[in-house]
Amino acid sequence: MDNSQDESENDEQELDESMENSQDESESDEQEEFLEKKPLRPCTSPEQSPASFGQPLPKSPIPLKATPISAAFPMPQHKGGSSHDPLKETPMSAAFPMPGPKDEPSDDPLKATPISAAFPTRRHKDDPLKATPMSRSFPITRHEDESSDEDYKPFSGQKKSTPLKTAKRTQQAECSNAGNTKRRSIQRSLNRELAFSSSLSSNPNESVEEVMIMFDSLRRRILQLDENEDAGKRADLKAGSLMMQNGLRINNSKIIGPVPGVEIGDIFFFRIEMCIVGLHAPAMAGIDHTSAKHAGKDEILAVSIISSGGYENDDNDTDILVYTGQGGNSRHKDKHDQKLEGGNLALMNSMKKKNLIRVVRSAQDPFCNSSKVYIYDGLYRVEESWTEKAKNGFSVFKYKMRREPGQRDGISVWKMTEKWKANPATRNNVIRADISSKAEKLPVCLVNDVDDQKGPSYFNYVTGVEHSGPLRKTKPLQSCKCPSVCLPSDTNCSCAQLNSGYLPYSANGVLVKHIPMLYECSSTCQCCQNCRNRVTQKGVNLNFEVFWTGDSGWGVRSWDPIRAGTFICEYAGQIIDETNMNMGDEEDEYTFCTSWHSDKVSRWNLGAELLEEKSDNATTENLKKLPVVISAKRSGNVARFLNHSCSPNVLWQPVQYDHGDDSYPHIMFFAMKHIPPMTELTYDYGTRGAPPGIKGKFPNACKLKKCLCGKRGLMH
DNA sequence: GTAACTTCAATGGC
DNA sequence: CGCCATTGAAGTTA
């Protein structure tokens, strides 16, 4: 792929001044909730420095009306000449305090902070231990983290001082499984202290990733918690609201041009996700624009649009989009002609001013008929506009938009993969159509777009693990008595009980949380094969290709968009005992051994944990190194081609379903985040970053392949 | 097909 | 004008 010119040639980049919500506020919902929170992340983790997650926006308790956001996000693409940009003299809404979630009494207290309203904002002041956000009680320290990414120690003492009442809390939580769910769903709120102290990275890419991961973690967990009650709807909105109310969002101002940390081709599964990363603010409206309040109506400019798909021209010209204006089509009111106001007016103004507008296109989610995927397709400008009669007889605005040249591929990658999926023969540069020789349900294509390298050396394609010796049956196989399928409401399901009381997958099959050991239903369970607790045992469901990366050997990517939590594949191969390895069986680039999980993996659950009433220490913290070692040298599957990255998009999860020896679980890979089609799949081989003492016997065993870090984006 | 829901900007009252 | 509470507009999701 041609590499995208960075967005540096976009003119008119303009950042508003940051609107500031001083992070504090009356988040006091439930004082005692605070007290009982336990820090969920070990403060001592060597790689996790809270300061490195310093929240970019709310740095100071003082409202930063005058601080340009560019200070927080230095933008290289900001052109010098833009100081004459009219936008600069016409401050947009964001420069002024908006009804932010923070100092905002109007924030409906009932929504998330039921008790807070009863207390004046600063009541914690006299008692810093009472869960006062660091930013408030220690403004100076807080300030420090603006400049330093390393100095986090000042916080750790404070953070540690909170688990005062953990015991009581846990107790309380334990009995809450069935009966208290109602209460929980009403009073749900984040553990704010943690939310604050683990705030976001100053690196835009990382903070976008962080917010996205936290959102979906929250969302999956809320879905899981709410599933057996009536409230089990719209977990996306609930998770989104929590994020918003806690200031866990970024690029919180109207930005014209690229949004830091969001790249062309990035995919989203909910509107609210685009809102919390600042790509497109309105929860519903398709046109996002600057505010008229201070600039005047004639000055409002469109900053981004979402094309829901109905009106796209469907020829192959992915550079042109004909977009329909908004309004006039309400289901609740009489239909009428669209008016030249709001978003429609903004687009019209943008046509005159020729400013860049972000375009998000949508597509059908191939794995879920009822939902959409949103693809950020980069910057466009409005070229023409006209009105025409819609089918219902009323007139609508039309805007012809042209994609700015020189950007990396966006929707065109999507269209390409769709074509390949429909007919794999249309894929060029194929070396072998299916290296699995039909062992997988879907063909695994071998391709080389780079040079004439002909393929990896021979191996036997297998879809599972082969045990070289007998397993110790340390416990009986799980066997639940659920009729038909296991359901979250069935508290008697013994498989759910093994997974700390919950079914580990959502109804659509995504992993809710990373857990030390996941028990799927087994052959002795009475439930059927359609039971949702049988995900990985049913095998791979993605259209993979093994491709030549050029300088990092062979890699794996998918033609499908992959939602966070989706099962990717097993690490197949021959199981070797650790002891065998000592004797001669050399570990090589095709050896998998369990290792310390990267910090990113332990953060994967963070949203779910911040949510929780329960200090769930059955998380990554107690993961032990397992003796299982798998060699995929002679036989294996696509997993043997997964490369390492320090910024991985895949994690591994031990899963049990066919035997009782927990030392030798299946190693199953899941998506850590939403992965656009044609993005290389990588996981963190671990080990190297592990604290001393837990490296195990083979400190380098898993580090034999090259690190891809820093070379993000072969295709994407 | 319909109900339930969100954010944000604008507006009106004080 | 500032502050606030309220309202209307926008469409998505299950």
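As the structure is a prediction and not an experimental result, all values here were calculated from the model. In the text below, chain A, chain B and the rest are named by the order of the sequence lines, each starting its count at 1.
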Does a nitrogen or oxygen in the side chain of [X] sit under 4.0 Å from OP1 or OP2 of [N]?
{"X": "A:K254", "N": "B:dC8", "value": "no"}
{"X": "A:S308", "N": "C:dT12", "value": "yes"}
{"X": "A:Y374", "N": "C:dG11", "value": "no"}
{"X": "A:R271", "N": "B:dC8", "value": "no"}

To the nearest Å, give me how far apart [atom1] ([X]) and [atom2] ([N]) are.
{"X": "A:F215", "N": "B:dT6", "atom1": "CZ", "atom2": "P", "result": "13 Å"}
{"X": "A:I222", "N": "C:dT13", "atom1": "CD1", "atom2": "C1'", "result": "15 Å"}
{"X": "A:N344", "N": "C:dG11", "atom1": "CG", "atom2": "P", "result": "9 Å"}
{"X": "A:F270", "N": "B:dT7", "atom1": "CZ", "atom2": "C1'", "result": "17 Å"}
{"X": "A:D365", "N": "C:dT13", "atom1": "CG", "atom2": "P", "result": "11 Å"}
{"X": "A:I306", "N": "B:dT7", "atom1": "CD1", "atom2": "P", "result": "15 Å"}
{"X": "A:N508", "N": "C:dT13", "atom1": "CG", "atom2": "P", "result": "14 Å"}
{"X": "A:E341", "N": "B:dT11", "atom1": "CD", "atom2": "C1'", "result": "14 Å"}

Shortest side-chain distance from [X], nucleotide among [options]:
{"X": "A:Q326", "options": "B:dT6, C:dG11, C:dT12", "value": "C:dG11"}
{"X": "A:L237", "options": "B:dC8, B:dC5, B:dA9", "value": "B:dC5"}
{"X": "A:S241", "options": "B:dC5, B:dC8, B:dT6", "value": "B:dT6"}
{"X": "A:K372", "options": "B:dC5, C:dT13, B:dT7", "value": "C:dT13"}
{"X": "A:R234", "options": "B:dT7, B:dA9, B:dA4", "value": "B:dA4"}
{"X": "A:A283", "options": "C:dT13, B:dT6, B:dA9", "value": "B:dT6"}
{"X": "A:M284", "options": "C:dG11, B:dT6, B:dA10", "value": "C:dG11"}

Just so I know, are the side chains of A:I357 and A:L301 near enough to count as touching, which here means a heavy-atom distance under 4.5 Å?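 Not in contact.
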
Can a salt bridge be assigned to the pair A:D365 and A:R563 using a cut-off of 4.0 Å between side-chain N and carboxylate O?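 Judged by the 4.0 Å cut-off on N to carboxylate O distance, A:D365 and A:R563 do form a salt bridge.
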
What interatomic distance, in whole Å, is found between P of C:dA10 and the corresponding atom of B:dG1? 22 Å

For A:D236, which contact category applies under a 4.0 Å heavy-atom criterion: base, sugar-phosphate, or nothing? sugar-phosphate

Quick one: label A:G327 by what it contacts on the DNA or RNA (base, sugar-phosphate, nothing), any heavy atom closer than 4.0 Å. sugar-phosphate

If we check side-chain hydrogen bond (donor to acceptor under 3.5 Å, both in side chains) with A:E520, which of these qualifies: A:T536, A:N533, A:N499? A:T536

Taking the nucleotide of DNA chain C with the nearest heavy atom to each, does A:G328 or A:F269 sit closer to the 5' end? A:G328

Applying side chain to side chain donor-acceptor pair (under 3.5 Å), can you list everything that pairs with A:H674, at least two apart in sequence or on another chain?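 For A:H674, the residues satisfying side chain to side chain donor-acceptor pair (under 3.5 Å) (neighbours in sequence not counted) are A:E273.
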
Heavy-atom donor-acceptor pair, A:R381 side chain to A:K354 backbone, under 3.5 Å: yes

Aromatic ring proximity A:Y323/A:Y399, centre distance under 6.0 Å: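 For A:Y323 and A:Y399, the ring centres are not under 6.0 Å apart.
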
